[in-house]
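Structure first, then comments.
The chains referred to below are lettered A, B, ... by the order of the sequence lines, with proteins before strands, and numbering in each begins at 1.
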There are 2 protein chains.
Amino acid sequence: MDIFEAIGTPHRRRIVELVAAGERTAGEIAAHFDISRPGVSQHLSTLVAAGVLTVRKAGRERRYTLHAEALAEAGSWLEAQQSRWNDALDRLEREIAADEEG
Amino acid sequence: MDIFEAIGTPHRRRIVELVAAGERTAGEIAAHFDISRPGVSQHLSTLVAAGVLTVRKAGRERRYTLHAEALAEAGSWLEAQQSRWNDALDRLEREIAADEEG
DNA sequence: GATATATGTAAGCACAGACTTACGCGTTGC
DNA sequence: GCAACGCGTAAGTCTGTGCTTACATATATC
């Protein structure tokens, strides 16, 4: 599952927000949700698989941290599309100007 | 459906890439996919509903354009999480420094 | 070593949604 | 006016996935 799919659900985006504020254990994260703990655990797994989070075993706990580079990567794609679009607009504008001139 | 969910599938992300390069008709877009034309049409509808694209009727064609602001909004969320994370790292670093000092 | 705690895994269910084919509707062109 | 075109909508299918409960595993605690 790719990054965009991973952050494509509200629950998982909420998890990202929580972990972005600092390292969290699975239990701490689960406490913020109405769904069952295993349900949250599965969301955590998909986020790790997508490279959005990182796990670290600490005794009987699992500490989840944000892998910010993954978010940056997604951001790059978004920016690329926006600059593509701006280029397209510029081209269009120049064409119109050329038409009016000629 | 929110923006992230809208761009959460590879097909729809591909559509965004196509339209980012310039205004496209439904048919032009559909030509780039292996799935049926109605299938593409449904993807277009969800992208419009999510505010990612804009439609304009032109005769019997429908011209789709990118609504770049929507992508910018998604980008803002990503950046916010990254800066949150950087703040958390800074706090952690300061705490460690304070511990070592004291 | 037995019990409790923190967590993941397994199995199953129900629903969303990504497809398909068939059809309808407006527009263009003869 | 009528055929062809461009496109969306309807209806149905099927798979993925977001949940659930039950169970397994590893660590801490006494």
Determine, for Arg84(A) against Glu17(B), whether the closest basic-nitrogen to carboxylate-oxygen distance falls under 4.0 angstrom. no

Quick test of your reading of the model: are Glu61(B) and Arg63(B) salt-bridged, counting only N-O distances below 4.0 Å? yes

Any idea which of [options] is nearest the [X] side chain?
| X | options | answer |
| --- | --- | --- |
| Glu61(A) | dT7(C), dG18(D), dT9(C) | dT7(C) |
| Thr25(B) | dC7(D), dG8(C), dT9(D) | dC7(D) |
| Ala26(B) | dT21(C), dC19(D), dC7(D) | dC7(D) |
| Arg60(A) | dT29(D), dG6(D), dC7(D) | dT29(D) |
| Gln42(B) | dA10(D), dC7(D), dG18(D) | dA10(D) |
| Ser41(B) | dT29(D), dT9(D), dT17(D) | dT9(D) |

Look at the side-chain N and O atoms of [X] and state whether any lies under 4.0 Å from the OP1 or OP2 oxygen of [N].
| X | N | value |
| --- | --- | --- |
| Tyr64(B) | dG8(D) | yes |
| Lys57(A) | dT27(D) | yes |
| Ser36(B) | dC19(C) | no |

In whole Å, what is the span from the [atom1] atom of [X] to the [atom2] atom of [N]?
| X | N | atom1 | atom2 | answer |
| --- | --- | --- | --- | --- |
| Ile35(A) | dT20(D) | CD1 | C1' | 10 Å |
| Arg56(A) | dT27(D) | CZ | P | 15 Å |
| Arg63(A) | dG8(C) | CZ | C1' | 17 Å |
| His43(B) | dC7(D) | NE2 | P | 17 Å |
| His11(A) | dT20(D) | NE2 | P | 9 Å |
| Asp34(A) | dT20(D) | CG | P | 9 Å |
| Ile15(B) | dC7(D) | CD1 | P | 13 Å |
| Asp2(B) | dA16(C) | CG | P | 16 Å |

Test His43(A) against Phe33(A) for side chain to side chain contact (heavy atoms under 4.5 Å, CB included), laying out the working first. CA-CA 12 Å; His43(A) 281 312; Phe33(A) 292 88; over 6 Å; no

Applying side-chain contact (heavy atoms from CB on, under 4.5 Å) between Gln81(B) and each of Val19(A), Val16(A), Val52(A), report the one that passes. Val16(A)

Using atom types as modelled and distance alone, determine if a side-chain donor or acceptor of Gln42(B) lies under 3.5 Å from a backbone N or O of Gly39(B). no

With distance as the sole criterion, do the side chain of Glu5(A) and the base of dT17(D) form a donor-acceptor contact below 3.5 Å? no

Got a donor-acceptor pair under 3.5 Å from the side chain of Arg62(B) to the base of dG8(D)? no

Whichever of Ser45(B) and Pro38(A) has its nearest DNA chain D nucleotide further upstream toward 5': Ser45(B)

Most 5' of Gly59(A) and Val55(B) on DNA chain D, judged by nearest nucleotide: Val55(B)

Between Arg37(B) and Val40(B), which residue's closest nucleotide on DNA chain C lies nearer the 5′ terminus? Val40(B)

Assign Arg12(B) to base, sugar-phosphate, or nothing according to its heavy-atom contacts below 4.0 angstrom with the strands shown. sugar-phosphate

Determine the contact category for Gly27(B): base if any of its heavy atoms lies under 4.0 Å from a base atom, sugar-phosphate if only primed atoms, P, OP1 or OP2 are that close, otherwise nothing. sugar-phosphate

From Thr54(A) atom OG1 to Tyr64(A) atom OH, the distance as rounded to the nearest 0.5 Å: 10.5 Å

